[in-house]
Amino acid sequence: PKKGWKREDFKHLEEDCKANPILQKALRLDRRVGIHSYSTARVKSVLSTVGNKPNTPEPGSDRTVHWDEWVIMQAENCARQALSQRKLDELWRPLENQSGASALDEIATRIRYILEPRLRRIGIHLYAARVVNYKFQEDSQVRKQQIESWKALWNQRISAAKAESQATFKEEVEKAHAYAKSALLDTIADSIAKARKEHDDLPRHVIALYYLHVIEESIKKQGGLDKDSQERVALMKQYLGFNM
């Protein structure tokens with residue numbers, strides 16, 4: 001590297017010179033103001049940078065902007081690009097899951113990554129990029145779009161959580177019904193076996209029906225049977241009458 005430049009300043013030199021031939025003459029610091037040295041070729045490159053600003057008040061023409069305003073426009077454009085890559089809640093929530101992570105620092109790093117090569121190719125070195133805070137206009141279309149996207153995302157998450165909880169509830173209810181049915185049948189079978197030991201001439205279906213009758217009366221005392229439960233008890237009676 002030439003005197004005055006750091007080695008990292010030459011990392012992208014070849015591609016920068018292809019994009020801007022003026023920088024080929026900017027390898028030396030050939031002027032000094034006080035203690036500060038600079039390259040006249042780089043200054044020339046920066047001052048000669050112009051651009052167009054669309055949507056000017058004059059219809060059919062684009063206003064010419066000079067290097068200082070052009071730099072601001074590039075910074076604004078890169079900031080919009082970096083922000084558009086994140087959801088609304090991600091403007092404050094860091095994507096990196098590590099201690100000390102900051103969403104503002106992540107966005108600033110992204111802005112610098114996009115902006116730095118644009119400025120470097122006209123001869124400007126970007127030292128730092130920072131995001132301090134956000135300010136949204138009330139009628140901003142970006143703000144409205146981000147909020148709608150955020151609402152849609154959370155509505156989707158809520159619907160998914162409801163569907164999952166309903167499926168879990170249904171599964172648990174079915175397990176409870178199956179367990180209760182199995183326990184009831186096991187109890188009836190056990191009661192039949194005990195009754196047959198004491199009264200071996202007593203038909204099994206009579207014992208089962210009597211036991212079912214006792215259960216039915218017990219449920220009625222606790223609050224009664226609904227229509228669905230009554231139908232189930234009747235079916236069990238019918239089943240026991242034909243299968244015992």
Side-chain angles (χ1 to χ4, degrees), residues 1-88 90-92 94-96 101-146:
K2 302 298 182 180
K3 184 178 179 181
W5 296 108
K6 296 179 181 179
R7 184 173 298 276
E8 54 265 26
D9 295 329
F10 292 81
K11 183 178 180 180
H12 305 281
L13 180 62
E14 185 176 352
E15 58 186 67
D16 291 343
C17 289
K18 288 181 179 179
N20 184 3
I22 296 178
L23 295 181
Q24 294 177 356
K25 301 177 181 180
L27 301 182
R28 285 187 176 277
L29 303 179
D30 53 7
R31 291 290 179 89
R32 176 186 290 270
V33 176
I35 62 173
H36 301 288
S37 300
Y38 65 93
S39 164
T40 54
R42 282 183 178 248
V43 173
K44 180 180 178 181
S45 173
V46 172
L47 295 179
S48 63
T49 300
V50 294
N52 294 329
K53 188 170 184 178
N55 302 323
T56 55
E58 299 80 8
S61 64
D62 293 336
R63 180 170 62 85
T64 299
V65 297
H66 297 286
W67 75 271
D68 52 348
E69 190 176 357
W70 182 89
V71 171
I72 298 299
M73 289 172 57
Q74 293 300 312
E76 291 176 347
N77 180 271
C78 292
R80 292 192 185 96
Q81 186 175 343
L83 291 173
S84 68
Q85 295 171 353
R86 302 173 78 102
K87 301 182 179 67
L88 182 63
E90 292 175 349
L91 297 181
W92 294 269
L95 302 180
E96 296 292 335
S102 167
L104 297 181
D105 290 344
E106 289 178 355
I107 295 170
T109 300
R110 182 60 183 170
I111 292 173
R112 180 170 182 171
Y113 176 79
I114 303 172
L115 180 60
E116 191 170 33
R118 299 187 187 184
L119 299 185
R120 192 180 62 240
R121 288 172 187 175
I122 68 166
I124 295 178
H125 176 69
L126 179 64
Y127 283 95
R130 290 184 59 200
V131 177
V132 179
N133 207 340
Y134 305 110
K135 183 177 180 181
F136 298 98
Q137 299 294 333
E138 287 293 331
D139 58 347
S140 170
Q141 189 62 34
V142 174
R143 173 178 175 270
K144 294 177 181 178
Q145 183 177 356
Q146 288 278 14

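This structure is a prediction, so every number in the text was calculated from the model and none was measured.
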Hey, are the side chains of [X] and [Y] touching, using non-hydrogen atoms and a 4.5 Å cut-off?
{"X": "Gln74", "Y": "Leu115", "answer": "yes"}
{"X": "Arg120", "Y": "Glu15", "answer": "yes"}
{"X": "Arg28", "Y": "Ser39", "answer": "no"}
{"X": "Leu119", "Y": "Trp70", "answer": "yes"}
{"X": "Trp67", "Y": "Ile122", "answer": "no"}
{"X": "Gln81", "Y": "Asn77", "answer": "yes"}

- prompt: Can you list the residues that meet the ring pair (Phe, Tyr, Trp, His ring centres under 6.0 Å) rule with Tyr134, with sequence neighbours excluded?
  reply: Trp92
Closest non-hydrogen atom pair between Lys25 and Ala41, with its separation: O-CB, 3.5 Å
Lys/Arg N to Asp/Glu carboxylate O, Glu116 vs Arg121, below 4.0 Å: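 Looking at Glu116 and Arg121, the cut-off is not met.
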field: Worked verdict on Thr40 versus Lys44 for side chain to side chain contact (heavy atoms under 4.5 Å, CB included)
entry: CA-CA 6 Å; Thr40 54; Lys44 180 180 178 181; over 6 Å; no
query: Does Arg80 have any side chain to side chain contact (heavy atoms under 4.5 Å, CB included) partners at least two apart in sequence or in another chain, and if so, which?
result: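 Counting only residues at least two positions away or on another chain, Arg80 forms a side chain to side chain contact (heavy atoms under 4.5 Å, CB included) with Glu76.
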statement: With sequence neighbours left out, the residues meeting side chain to side chain contact (heavy atoms under 4.5 Å, CB included) with Asp68 are His66
Show the atom names and distances, to 0.1 Å, of all donor-acceptor pairs under 3.5 Å that link a side chain in residues 104-112 to residues at least two apart or in another chain.
| residue | atom | partner | partner atom | Å |
| --- | --- | --- | --- | --- |
| Glu106 | OE1 | Arg86 | NH1 | 3.3 |
| Glu106 | OE1 | Arg86 | NH2 | 3.0 |
| Glu106 | OE1 | Leu95 | N | 2.9 |
| Glu106 | OE2 | Leu95 | N | 3.1 |
| Glu106 | OE2 | Glu96 | N | 2.9 |
| Thr109 | OG1 | Asp105 | O | 2.9 |
| Arg110 | NE | Gln85 | OE1 | 3.2 |
| Arg112 | NH1 | Tyr127 | O | 2.9 |
| Arg112 | NH2 | Leu126 | O | 3.2 |
| Arg112 | NH2 | Tyr127 | O | 3.4 |

message: What verdict does the side chain to side chain contact (heavy atoms under 4.5 Å, CB included) test give for Arg31 and Ser37, after you've listed the backbone C-alpha separation in whole Å, the side-chain angles of each residue and the deciding distance to 0.1 Å?
response: CA-CA 6 Å; Arg31 291 290 179 89; Ser37 300; over 6 Å; no
statement: Residues passing the side chain to side chain donor-acceptor pair (under 3.5 Å) test with Ser45, sequence neighbours excluded, are Asn20
message: My understanding is that only residues two or more places apart in sequence, or in another chain, count here; which of them pass side chain to side chain donor-acceptor pair (under 3.5 Å) with Gln24?
response: none
